[in-house]
**Student:** 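This is the structure I have questions about; it appears just below.
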Amino acid sequence: MLPNVPEGAPVLTAAAMRAAEDRAIAAGSSVAALMECAGTGVAEWVHRLAAGSEVLILCGPGNNGGDGYVAARVLASRGVPVRVAALGEPKTAAAAQARAAWSGPVEAFPGGLADGDTAPILVDAVFGTGLTRAVDDAVADAIRLLAGRARLSIAVDLPSGAETDSGGDFGAGKLANFDGTLALGALKPAHVLQPAARHCGAVRVIDIGLGSLDAVLRTSPRPQIAAPGPESHKYTRGMVAVVGGPMHGASELAARAAYRAGAGYVLLLTGGLPHPPHAIVRQRWSPDALADDRIGAVVIGPGLGRDDRAREKLEAALASDRPLVIDGDALHLLDGRLRGRDAPTILTPHAGEFAALFGAGTGSKIMQAQDAARKSGAVVVVKGADTVIAAPGGRVQVAAPTSAWLSVAGTGDVLAGTIGALLAQHVPPFDAASAGIWLHGAAARMIDRCFLADELADALPEALERAR
Ligand SMILES: NC(=O)C1=CN([C@@H]2O[C@H](COP(=O)(O)OP(=O)(O)OC[C@H]3O[C@@H](n4cnc5c(N)ncnc54)[C@H](O)[C@@H]3O)[C@@H](O)[C@H]2O)[C@@H](O)CC1
Ligand SMILES: [K+]
């Protein structure tokens, strides 16, 4: 049930890590001291997890390899059987010092390891944040093979071959799958962005003495959502209007999710005959349908359609001064029409909708989301297995990876309704988006597999129970 990366944690790029390292050194530390901390921290985790089994540590030529030599020395001093295999001699002074302090043999990697060789515990300290180009095929293949054969595989800082800042895979499909990754000092984008994130396994951060870290990017925190009090009534709990269209199911799901996420009153503007759940108030759409100033948020897009009538509804929603969640079909009709809108606006595109709206951008998903938020003036939620939330002012979060079972029809509609409920309760838009994604992810993890979007909506109250 635990998310596999720490919540609310700073995420630093390779350059930001180097800057933090420089600050620590200026304050009296040294690369060797940081490496000693890192390697000792790795050894402590491995010692605990290895439970006496033999450990094979693969060391690269840079400081990631240096961490590996330190870990080997510390593990051996604690009586753990350790083997070290290295990709050449160390190229940095700190790594050479760590290598010199390792008194055991060093096997050649990958060539020196006999075919079929392995150890129950495999530690990858080949490359970390210093990797700037693709890893040789023979090296990538050997890491993948050894990690696959091991009972437990652990990456030091990053799976070797991961691109630190974009979460890309330098090896183009050759990254090994690890059971765990020990992030040194702080998370990096590759721990949360795909495809690298899925290769990390459970990520834990090791404190290496860098002090407090200031980062623009963080993982989404667990939200704190207050329960209603004695003074609450249906309108203070938040009134959500869902503007529907020809695909009734989608707007029904958004409306249901809004209630399940705590809204006090949900109005579904599609019309039609009454049917369960009767708590959803169904009305026909009219141009002045959004004039009720008790409406705290409008959700538009799920099941809206893309015809002239849909355009007319979107036009009215954009012209209103209500906070808006714009999703699905409505994103396809936007055409840059957000300019000049003062009320809070949240856009929730998936990758395809994002590209259609903002074009095929360059840079990491994080940078593209920040750019889109700046250009549109809206909070932009770029959905996916690595959902990024960006605000126009530059604030940005990545949600912890959640259940891949969310890849089913209707879950996006549930998310739009969930965010709508929080927005209607006057949660600021960035926080509403962040908390909505957290609730949605937590609900998915709780119901586990093969769920219907309706069931996801119905699991939101249990997720809310954990958001206190
Ligand atoms: N930044 C920090 O604060 C700290 C970093 N530490 C460790 O240092 C790592 C970064 O160390 P480095 O910058 O030395 O870099 P790495 O150890 O990640 O790798 C760089 C080395 O690999 C070589 N290299 C790069 N791409 C290659 C390729 N495709 N094929 C073959 N060789 C390649 C480089 O020439 C260099 O020798 C971190 O990931 C972490 O493990 C820790 O030791 C201590 C503190
Ligand atoms: K590594």
Side-chain angles (χ1 to χ4, degrees), residues 10 12-27 29-43 46 56-71 74 85-99 109-110 122-144 146-147 153-165 168-172 174-178 180-191 196 199-201 203 205-211 213:
L12 273 69
T13 59
M17 278 308 293
R18 278 192 295 275
E21 187 185 16
D22 289 346
R23 279 196 301 278
I25 291 168
S29 187
S30 65
V31 177
L34 294 169
M35 188 177 283
E36 190 63 26
C37 249
T40 304
V42 169
V46 174
L56 172 60
I57 304 186
L58 308 177
C59 294
N63 288 343
N64 195 252
D67 300 336
Y69 289 113
V70 172
V74 175
L87 187 67
E89 284 301 313
K91 288 186 181 159
T92 72
Q97 195 182 323
R99 159 72 183 88
F109 171 74
L122 190 274
V123 177
D124 160 19
V126 183
F127 299 113
T129 56
L131 193 69
T132 49
R133 59 188 196 277
V135 178
D136 285 351
D137 279 355
V139 174
D141 288 342
I143 298 172
R144 214 174 56 252
L146 290 166
S153 56
I154 297 166
V156 175
D157 210 12
L158 292 163
S160 294
E163 205 282 309
T164 311
D165 292 350
D169 169 4
F170 272 129
K174 286 187 178 276
L175 278 182
N177 287 321
F178 290 92
T181 295
L182 300 169
L184 302 177
L187 294 175
K188 323 292 176 317
H191 296 122
H199 294 273
C200 291
V203 181
V205 178
I206 291 181
D207 181 2
I208 61 167
L210 292 177
L213 296 168

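As the structure lists them, so they are numbered: ligands from 1, and atoms in each ligand from 1.
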**Student:** Measuring only between side-chain heavy atoms, which start at C-beta, is Ile206 closer than 4.5 Å to Val42?
**Tutor:** yes

**Student:** Hey, what's the angle at the K ion (ligand 2) spanning O (Asp124) and O (Phe127), nearest 10 degrees?
**Tutor:** 160°

**Student:** Within a distance under 4.0 Å of any heavy atom of Leu184, pick out the atoms of ligand 1 and give their elements.
**Tutor:** 40 (C), 41 (O)

**Student:** With a 4.0 Å cut-off, would you call Lys174 and Asp141 a salt bridge?
**Tutor:** yes

**Student:** For ligand 1, which atoms, with element, lie under 4.0 Å from some heavy atom of Gly62?
**Tutor:** 14 (O), 17 (O), 21 (C)

**Student:** I need the atoms of ligand 1 closer than 4.0 Å to a non-hydrogen atom of Gly128, numbered in the order shown.
**Tutor:** 16 (P), 18 (O), 39 (O)

**Student:** Hey, is atom 32 (N) of ligand 1 touched by any protein heavy atom at less than 4.0 Å?
**Tutor:** yes

**Student:** Identify, for atom 19 (O) of ligand 1, the protein heavy atom at the shortest distance, and state residue, atom and that distance.
**Tutor:** Phe127 CD2, 3.8 Å

**Student:** Supply the atom-to-atom distance Glu21 CD to Ile208 CD1, rounded to the nearest 0.5 angstrom.
**Tutor:** 7.0 Å

**Student:** Starting from atom 45 (C) of ligand 1, find the nearest protein heavy-atom neighbour and note its residue, name and distance.
**Tutor:** Ile208 CD1, 3.5 Å

**Student:** Would a 4.5 Å heavy-atom cut-off, applied to side chains only, mark Val70 and Thr40 as touching?
**Tutor:** yes

**Student:** Quick one: pull up CG in Leu122 and OG in Ser153 and give me the separation to the nearest 0.5 Å.
**Tutor:** 6.5 Å

**Student:** Considering only heavy atoms, does Leu87 approach ligand 1 within less than 4.0 Å through its side chain, its backbone, both, or neither?
**Tutor:** neither

**Student:** Would you say that Leu175 contacts Arg144 through its side chain, given a criterion of any heavy-atom pair below 4.5 Å between the two side chains?
**Tutor:** no

**Student:** Could you tell me the separation between the CD1 atom of Ile154 and the CG atom of Leu182, rounded to the nearest 0.5 Å?
**Tutor:** 6.0 Å

**Student:** Pairs of nitrogen or oxygen atoms closer than 3.5 Å, one from Lys91 and one from ligand 1: do any exist?
**Tutor:** no

**Student:** In the protein, which heavy atom is nearest to atom 1 (N) of ligand 1, and how far is it?
**Tutor:** Glu21 OE1, 3.3 Å

**Student:** Should Ala134 be listed as contacting ligand 1, given a heavy-atom distance under 4.0 Å as the test?
**Tutor:** yes

**Student:** Are Phe127 and Asp157 close enough that some pair of their side-chain heavy atoms sits under 4.5 Å apart?
**Tutor:** no

**Student:** N/O of Asp157 under 3.5 Å from N/O of ligand 1, yes or no?
**Tutor:** yes

**Student:** What residue and atom, counting heavy atoms only, is the protein's closest point to atom 26 (N) of ligand 1, and at what distance?
**Tutor:** Leu131 CD1, 3.2 Å

**Student:** At a 4.0 Å cut-off, with the gap strictly under it, does some heavy atom of Pro61 reach an atom of ligand 1?
**Tutor:** yes

**Student:** Please indicate whether any nitrogen or oxygen in Asn63 is less than 3.5 Å from any nitrogen or oxygen in ligand 1.
**Tutor:** yes

**Student:** Hey, does Leu158 have a side-chain heavy atom less than 4.5 Å from the side chain of Lys188?
**Tutor:** yes

**Student:** Does ligand 1 come near enough to Gly65 that some N or O of the ligand is less than 3.5 Å from an N or O of the residue?
**Tutor:** no

**Student:** If you stand at the K ion (ligand 2) and look out to OD1 of Asn64 and OG of Ser160, what angle do those two lines make, to 10°?
**Tutor:** 100°

**Student:** Check contact between Arg18 and ligand 1, using heavy atoms of the residue and a distance below 4.0 angstrom.
**Tutor:** no

**Student:** For atom 15 (O) of ligand 1, what's the nearest protein heavy-atom neighbour? Residue, atom name and distance, please.
**Tutor:** Gly130 CA, 3.1 Å

**Student:** Return the minimal non-hydrogen interatomic distance between Leu213 and Ala20, and the atom names on each side.
**Tutor:** CD2-CB, 3.8 Å

**Student:** My question is simple, although I want it checked carefully: is atom 5 (C) of ligand 1 less than 4.0 angstrom from any protein heavy atom?
**Tutor:** no

**Student:** Looking only at distance, does Thr129 have an N or O less than 3.5 Å from an N or O of ligand 1?
**Tutor:** yes

**Student:** With a 4.5 Å heavy-atom cut-off, do Asp124 and Val156 have their side chains touching?
**Tutor:** no

**Student:** Report the angle formed at the K ion (ligand 2) by atom O of Leu158 and atom O of Val156, rounding to the nearest 10°.
**Tutor:** 70°

**Student:** How far is atom 43 (O) of ligand 1 from its nearest protein heavy atom, and which residue and atom is that?
**Tutor:** Asp67 OD1, 2.4 Å

**Student:** Is Ile57 close to Phe109 at the side-chain level, that is, under 4.5 Å between some pair of heavy atoms?
**Tutor:** no

**Student:** Would you indicate whether the side-chain heavy atoms of Cys200 and Val203 approach each other to under 4.5 Å?
**Tutor:** yes

**Student:** Closest non-hydrogen protein atom to atom 17 (O) of ligand 1, residue and atom name please, with distance?
**Tutor:** Asn64 N, 3.0 Å

**Student:** Within this structure, what is the CG-SG distance for the pair Asp207 and Cys37, rounded to the nearest 0.5 Å?
**Tutor:** 7.0 Å

**Student:** Do any nitrogen or oxygen atoms of Val156 lie less than 3.5 angstrom from nitrogen or oxygen atoms of ligand 1?
**Tutor:** no

**Student:** Assess, by modelled atom type and distance only, whether the side chains of Asn63 and Thr92 contain a donor and an acceptor separated by less than 3.5 Å.
**Tutor:** yes

